[in-house]
There are 2 protein chains.
Amino acid sequence: MTAPRTARALARETLTRDILDAARARLVADGPAALSLRAVARDVGMVSSAVYRYFPSRDALLTALLVECYDELGAAVETAEAAVARDDLTGRWLAACRALRSWCVQRPGDFALLYGTPVPGYAAPQDTVEPATRVVRALVRIVADSWADGAGPAPAPSSGGDAAALVAPAVAFVSARGLVAPDAPAEAVVRTLMAWTTLFGTVSFELFGHLHRTVADYADWFDAVALRAGADAGVVPRGMDAALPPRGR
Amino acid sequence: MTAPRTARALARETLTRDILDAARARLVADGPAALSLRAVARDVGMVSSAVYRYFPSRDALLTALLVECYDELGAAVETAEAAVARDDLTGRWLAACRALRSWCVQRPGDFALLYGTPVPGYAAPQDTVEPATRVVRALVRIVADSWADGAGPAPAPSSGGDAAALVAPAVAFVSARGLVAPDAPAEAVVRTLMAWTTLFGTVSFELFGHLHRTVADYADWFDAVALRAGADAGVVPRGMDAALPPRGR
DNA sequence: CCTCGTGCAAGAGCGGCGCTCTCGTTTGTG
DNA sequence: CACAAACGAGAGCGCCGCTCTTGCACGAGG
């Protein structure tokens with residue numbers, strides 16, 4: 001099954017990939033709204049109706065791209081985070097956050113597909129939710145490690161303690177789901193969710209132009225936000241004000 | 001000039017409003033992507049080409065809606081915040097945040113237009129930036145009042161103090177602009193910007209389904225996030241754990 | 001009052017879109 | 001070899017944004 005015997009099956013597999021690649025190229029360039037099935041068909045040298053042999057609709061094509069992008073983003077975050085020493089929690093957090101942002105900034109069209117306005121009548125099928133949670137799962141892992149490293153449920157996330165009380169009631173609002181690290185403390189999940197929301201908001205504002213002429217250096221601004229969000233989630237620098245890892249390239 | 005004398009001018013004004021209202025109705029229902037100029041024309045009983053007498057393009061119509069929505073949202077936040085006693089800073093903050101969310105939740109299409117994926121070839125004209133900043137200006141006013149109320153540059157935003165150092169470098173990245181409260185301390189502006197980003201991210205995640213089956217009660221979750229974001233920005237509850245104002249209706 | 005230029009609505013039409021259906025052709029299988 | 005399934009191409013449907021032309025009603029100047 002993994003080795004397609006017949007020529008037809010092989011051709012089908014190849015063409016499906018070609019269509020996806022062409023669609024991906026158009027997506028990165030123009031964003032999801034401008035992705036037309038007819039244009040993709042032209043790019044791969046087909047007539048539009050022939051594409052429907054491979055994807056039953058434009059939405060199905062978008063869904064395939066969605067899964068692919070979620071996985072790619074998740075992988076980028078995971079590998080960036082894995083390259084840092086396990087006990088350097090702030091380093092892992094910052095590496096993950098930076099990988100997140102650079103992936104998004106380099107592919108604004110993909111970002112718009114993943115986190116932008118959903119298409120009007122479109123409901124994401126179930127196969128997209130697992131890849132979609134990959135990023136936040138990577139983040140929650142770092143936070144959980146931080147909590148395990150420190151002591152007690154509130155490892156002084158730069159807070160005196162009332163912050164925990166503030167957020168605590170929210171734990172009840174978050175159903176466990178099991179999707180995100182079932183062994184992680186609920187409080188850590190909640191805080192990670194907030195940090196993740198902040199990170200997303202920052203990238204979204206940058207890419208969609210809402211910080212235009214407000215923030216001078218997006219990368220520096222993002223670093224500051226990421227560190228602050230991480231601290232709020234319980235990822236504290238080793239030395240209180242250790243030198244920040246330099247930004248790559 | 002304010003009183004249109006001729007019947008022509010009056011008809012023009014009326015029809016322009018009718019078109020905008022019809023477009024607004026379709027926008028709220030279906031979102032910006034599904035807003036078709038032809039459909040709007042049908043709604044007002046015109047032929048599509050006739051609409052071009054009033055708006056030179058679909059983008060122009062969207063721009064008009066954009067300004068209108070920004071203003072409406074800003075007004076909603078401002079009036080909600082103004083209804084609270086001036087010295088109840090947490091109450092003002094929470095009222096502003098809740099007004100923000102409920103406006104967005106009640107008009108997901110409008111929210112998508114304002115903060116969702118920008119249309120591919122569209123660059124927001126200059127007249128949109130002033131209304132766009134109205135919300136964040138309202139927020140920064142509350143934060144600035146909090147800072148003025150408390151002492152010194154860091155009124156213990158639930159933090160020991162290193163948080164200020166963490167964020168401090170970011171001040172340099174934010175150009176003053178003057179758009180947002182020129183007299184407000186830069187640090188307050190930066191923190192408000194972060195809080196605003198978090199608020200936006202929370203609403204966006206809610207409306208775009210990224211918290212589906214993750215957060216049980218969106219309103220409660222939002223309250224918790226808003227209070228925490230406010231505390232990080234320097235808006236602290238009067239009594240440390242004073243009873244939260246009940247959610248309206 | 002009448003005329004002439006202007007603003008206006010309507011219609012046809014252009015190319016592009018998602019999607020469906022039909023029609024030969026190719027391909028794999030019983 | 002024959003038959004069915006898969007396939008590519010084409011035509012066509014109704015939608016879209018937008019342009020151009022046509023006929024008409026309005027309103028200001030003579």
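Here is how names work: the chains are called A, B, and so on, in the same order as the sequence lines, proteins then strands, and each is numbered from 1. Basis for what follows: all heavy atoms, side chains included, without hydrogens, waters or symmetry-related copies.
When DNA chain D is scanned 5' to 3' for any atom under 4.0 Å from a heavy atom of chain A, the first and last hits are dA5(D) to dG12(D). Nucleotides of DNA chain C lying under 4.0 Å from heavy atoms of chain B occupy a range whose first and last members, 5' to 3', are dT6(C) to dG13(C).
Residues I19(B) and F55(B) approach most closely at CG2-CE1, 3.7 Å, considering heavy atoms. The nearest pair of heavy atoms linking F200(B) to S204(A) is CZ-OG, 3.5 Å.
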Exercise for the section: Test E13(A) against L10(A) for side chain to side chain contact (heavy atoms under 4.5 Å, CB included), laying out the working first. Expected result: CA-CA 5 Å; E13(A) 198 162 301; L10(A) 192 144; 5.8 Å; no

Practice task
Check the pair E81(B), R98(B) against side chain to side chain contact (heavy atoms under 4.5 Å, CB included), reporting the backbone distance first and the verdict last.
Solution key: CA-CA 10 Å; E81(B) 185 263 342; R98(B) 283 176 174 172; over 6 Å; no

Exercise for the section: Please lay out, stage by stage, how L27(A) and L65(A) fare under the test side chain to side chain contact (heavy atoms under 4.5 Å, CB included). Expected result: CA-CA 9 Å; L27(A) 176 64; L65(A) 291 174; 4.1 Å; yes

Problem - Pair R92(B)-E78(B), salt bridge (charged side-chain N to carboxylate O under 4.0 Å, His left out): steps then yes or no - result: CA-CA 10 Å; R92(B) 286 169 60 192; E78(B) 283 170 10; over 6 Å; no

Practice task
Determine, step by step, whether W196(B) and Y115(B) satisfy the ring-ring contact (aromatic ring centres under 6.0 Å, His included) criterion, reporting the C-alpha distance in whole Å, the side-chain angles of both residues, the deciding distance to 0.1 Å, and the verdict.
Solution key: CA-CA 13 Å; W196(B) 161 231; Y115(B) 298 108; 5.8 Å; yes

Handout entry: Verdict with supporting geometry, R26(A) and D43(A), salt bridge (charged side-chain N to carboxylate O under 4.0 Å, His left out)
Key = CA-CA 9 Å; R26(A) 288 213 165 256; D43(A) 288 352; 2.7 Å; yes

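Residue-level contact check: R38(A) touches the bases, meaning some heavy atom is under 4.0 Å from a base atom. At a threshold of 4.0 angstrom between heavy atoms, the contacts of L15(B) are confined to the sugar-phosphate backbone, with no base atom among them.
The stretch residues 45-55 of chain A touches DNA chain C through S48(A), S49(A), Y52(A), each having a heavy atom under 4.0 angstrom from the strand.
Taking the ring centroids of F111(B) and F208(B), they lie under the 6.0 Å cut-off.
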